[in-house]
Amino acid sequence: MDLVVLAASSGVEMADYEQSIQELIDAFGRLPGIGPKSAQRITFHLLKSDKAESERLVSAVSSAVHKIRYCEVCFNFAESERCAICRDENRDPHLLCVVEEPRDVVAIERTREFRGRYHVLGGAIDHLQGVGPDQLKIRELLIRAAEEGITEVILCTNPNIEGEATALYLKRVLDIPGLTVSRIASGLPVGGDLEYADELTLGRAIEGRRTLEQ
Amino acid sequence: MTLYRDVGVVLRTYKLGEADRIIVFCTQNSGKVRAVAKGVRKTKSKFGSRLEVGSHVLLQLYEGRGDLDIVNQAELVETGVELRSDLTRMGRVASMLEAVDGVIQEGQANPAMYEMLVGGLRAVAKWDTALVTPAFFFRLLEAEGVGLQVEGCAVCGETDELVSIDMDQGGLRCTQHREGMAISPQAVLILQLILGGRVATALALPAGPAIFEVEHLASKMLERHLDRRLRSLHVFDHT
């Protein structure tokens with residue numbers, strides 16, 4: 001609900017801003033993690049700052065809104081029908097990494113360890129929110145796994161309950177001859193102290209230990 | 001801010017800001033508690049996996065000024081590893097948590113509900129049967145005062161030939177007073193075992209259509225009591 005409407009309905013009198021300012025505050029206030037005070041602060045920062053800077057922001061927002069769509073192959077964000085990764089012919093077409101969200105693609109790309117392609121599910125199976133497999137891009141994944149000559153699918157969903165449920169479901173449905181289904185390893189974060197690790201994480205780290213090479 | 005300790009089960013979580021979560025607990029001494037776990041979504045969080053849905057944890061919390069408390073420390077009471085490696089069991093746990101979340105109240109101690117939930121989670125880990133969830137639902141409804149008369153007809157007390165179940169009257173019906181949904185003799189037996197305190201015997205029964213009948217009945221009764229659909233029961237409806 002807009003601040004003005006909210007204030008009017010609760011009988012609170014608000015300072016009178018010009019309509020365009022109030023609309024901008026309300027627009028920022030609708031963004032995730034931005035409360036009314038932050039929305040006001042951002043608005044006044046923009047109004048006080050150099051006009052060219054504000055216009056750059058407007059242009060960036062407008063350009064992203066108009067240009068960005070979902071890649072028709074992997075459902076990552078793309079500026080054309082296919083994203084840059086799906087267009088890249090140097091990528092290994094036999095390796096497919098399944099992630100929940102487009103931002104997970106960026107996180108894995110930063111590691112520079114993976115040279116295959118991606119498939120973005122658009123979320124994870126969540127019993128308590130009622131999110132089932134039919135609301136994710138799982139049917140499309142099965143088609144890709146069957147038709148694109150993929151030999152390994154790496155399940156890179158988050159290591160939380162929803163991510164685990166999704167991985168278990170995918171393992172069950174990706175029962176295709178000649179296809180290896182693997183799960184991203186979980187264990188201790190580099191730089192952390194062992195004594196603070198929880199039992200489940202530490203247990204998995206021990207379970208997934210590896211032999212040190214001479 | 002006052003610091004207090006309690007033991008509880010994580011019912012559900014909501015993302016908050018950059019890396020925090022609001023965690024909803026069913027606690028032993030304070031009923032439903034909603035608390036913020038700061039930084040829990042970061043890989044180096046001190047909470048690790050301890051505040052995942054279904055975790056049974058020993059807690060230290062700061063009493064917040066508003067509705068939300070703050071989680072200061074959490075230690076696992078039971079790891080529940082077996083519940084995380086089986087999709088079917090995960091669904092059963094989620095249904096139990098959603099049901100408890102629907103009935104438990106904030107600020108009202110309900111140690112019986114906490115004990116029942118912990119027992120339910122242990123039963124899911126121990127017994128691989130679809131009956132574990134309906135058994136939990138019936139016990140929960142009983143604790144809520146929505147019990148079922150299953151030893152005899154709700155009208156005349158007749159103990160033979162119980163052929164239907166009337167949810168409005170809260171009990172089974174004989175052939176003469178047939179009303180409501182039809183029910184098989186095997187399902188009647190299962191209901192009598194569960195509500196007669198012989199849950200372990202019921203859970204040891206082999207899989208069969210009567211179990212699905214009881215499962216359907218339990219979810220229908222619970223959804224009717226809560227006056228809403230349980231999302232977790234319908235996640236795989238369209239697959």
Side-chain angles (χ1 to χ4, degrees), chain A residues 31-35 38 100-101 103 107 123-136 138-139 142 155 157-173 183-207, chain B residues 10-21 24 40-55 57 73-81 83-99 101-102 228-239:
Chain A
L31 295 175
I34 296 184
S38 303
E100 291 179 20
E101 301 290 349
R103 58 178 177 262
I125 292 173
D126 188 343
H127 290 90
L128 293 169
Q129 292 296 328
V131 180
D134 54 321
Q135 285 152 274
L136 306 172
I138 291 180
R139 198 168 54 88
L142 297 180
L155 304 176
T157 52
N158 288 330
N160 54 25
I161 286 282
E162 296 79 25
E164 298 288 358
T166 311
L168 288 168
Y169 179 78
L170 291 177
K171 170 77 183 116
R172 190 188 284 178
V173 295
R183 177 82 173 112
I184 190 172
S186 60
L188 299 166
V190 176
D193 282 10
L194 207 69
E195 65 171 308
Y196 292 111
D198 65 286
E199 294 83 339
L200 192 66
T201 308
L202 196 50
R204 283 196 180 181
I206 292 170
E207 191 183 285
Chain B
V10 177
L11 295 178
R12 65 190 314 149
T13 65
Y14 302 93
K15 283 182 184 175
L16 179 71
E18 281 282 299
D20 307 342
R21 271 201 184 115
V24 183
V40 70
R41 285 154 59 201
K42 291 180 182 171
T43 50
K44 285 190 184 176
S45 162
K46 63 177 177 179
F47 298 118
S49 70
R50 293 180 187 110
L51 297 176
E52 287 280 297
V53 168
S55 292
V57 277
Q73 282 180 33
E75 286 297 324
L76 277 178
V77 177
E78 284 163 298
T79 56
V81 175
L83 302 178
R84 293 177 66 105
S85 53
D86 183 332
L87 188 59
T88 313
R89 281 190 163 100
M90 275 185 187
R92 288 173 190 155
V93 168
S95 306
M96 288 181 182
L97 300 174
E98 194 178 1
D101 191 30
R228 65 176 175 85
R229 269 164 65 94
L230 281 181
R231 287 169 169 173
S232 53
L233 293 176
H234 305 283
V235 162
F236 295 101
D237 277 0
H238 304 292
T239 55

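In what follows, chains carry the letters A, B, and so on, assigned in the order in which the sequence lines appear, proteins first and then strands, with residues in each chain numbered from 1.
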Atom group of Ser85(B) that falls short of 4.5 Å from chain A, counting heavy atoms: backbone
With a 4.5 angstrom heavy-atom cut-off, which part of Leu233(B) approaches chain A: side chain, backbone, both or neither? neither
Looking at every heavy atom in both Leu128(A) and Leu11(B), which two are closest together, and how far apart are they? CD1-O, 3.4 Å
Contact part of Lys42(B) toward chain A, heavy-atom cut-off under 4.5 Å: side chain, backbone, both or neither? neither
Note: Val235(B) and Val131(A) closest approach over all heavy atoms is CG1-O, 3.6 Å
Check each atom of Leu188(A) against the heavy atoms of chain B and say whether the ones under 4.5 Å are side chain, backbone, both or neither. neither
Where does Asp126(A) contact chain B at under 4.5 Å (heavy atoms): side chain, backbone, both or neither? backbone
According to side chain to side chain contact (heavy atoms under 4.5 Å, CB included), who are the partners of Asp20(B), at least two apart in sequence or on a separate chain? Leu16(B), Val36(B), Lys38(B)
Among Glu98(B), Glu18(B), Lys44(B), Arg229(B), the residue with the most heavy-atom pairs under 4.5 Å to chain A is Lys44(B)
Proximal component of Ala167(A), with respect to chain B [non-hydrogen, under 4.5 Å]: neither
Given the rule in the side-chain contact (heavy atoms from CB on, under 4.5 Å) test, do Arg84(B) and Leu200(A) qualify, once you have shown the distances and angles that lead to the verdict? CA-CA 10 Å; Arg84(B) 293 177 66 105; Leu200(A) 192 66; 3.4 Å; yes
Under a 4.5 Å heavy-atom cutoff, which of Gly48(B), Ala94(B), Ser95(B) has the most pairs with chain A? Ala94(B)
By side chain to side chain donor-acceptor pair (under 3.5 Å) - contacts of Glu164(A) (at least two apart): Arg204(A)
Taking side chain as everything from C-beta outward and backbone as N, CA, C, O, which of these in Val173(A) sits under 4.5 Å from a heavy atom of chain B? Side chain, backbone, both or neither. neither
Does Glu75(B) form a side-chain contact (heavy atoms from CB on, under 4.5 Å) with Glu199(A)? I'd like the steps, not just the answer. CA-CA 9 Å; Glu75(B) 286 297 324; Glu199(A) 294 83 339; 4.1 Å; yes
Is Gln135(A) in contact with chain B via its backbone, its side chain, both, or neither, using a 4.5 Å heavy-atom distance? neither
For Asp86(B), is it the side chain, the backbone, both or neither that has a heavy atom under 4.5 Å from a heavy atom of chain A? backbone
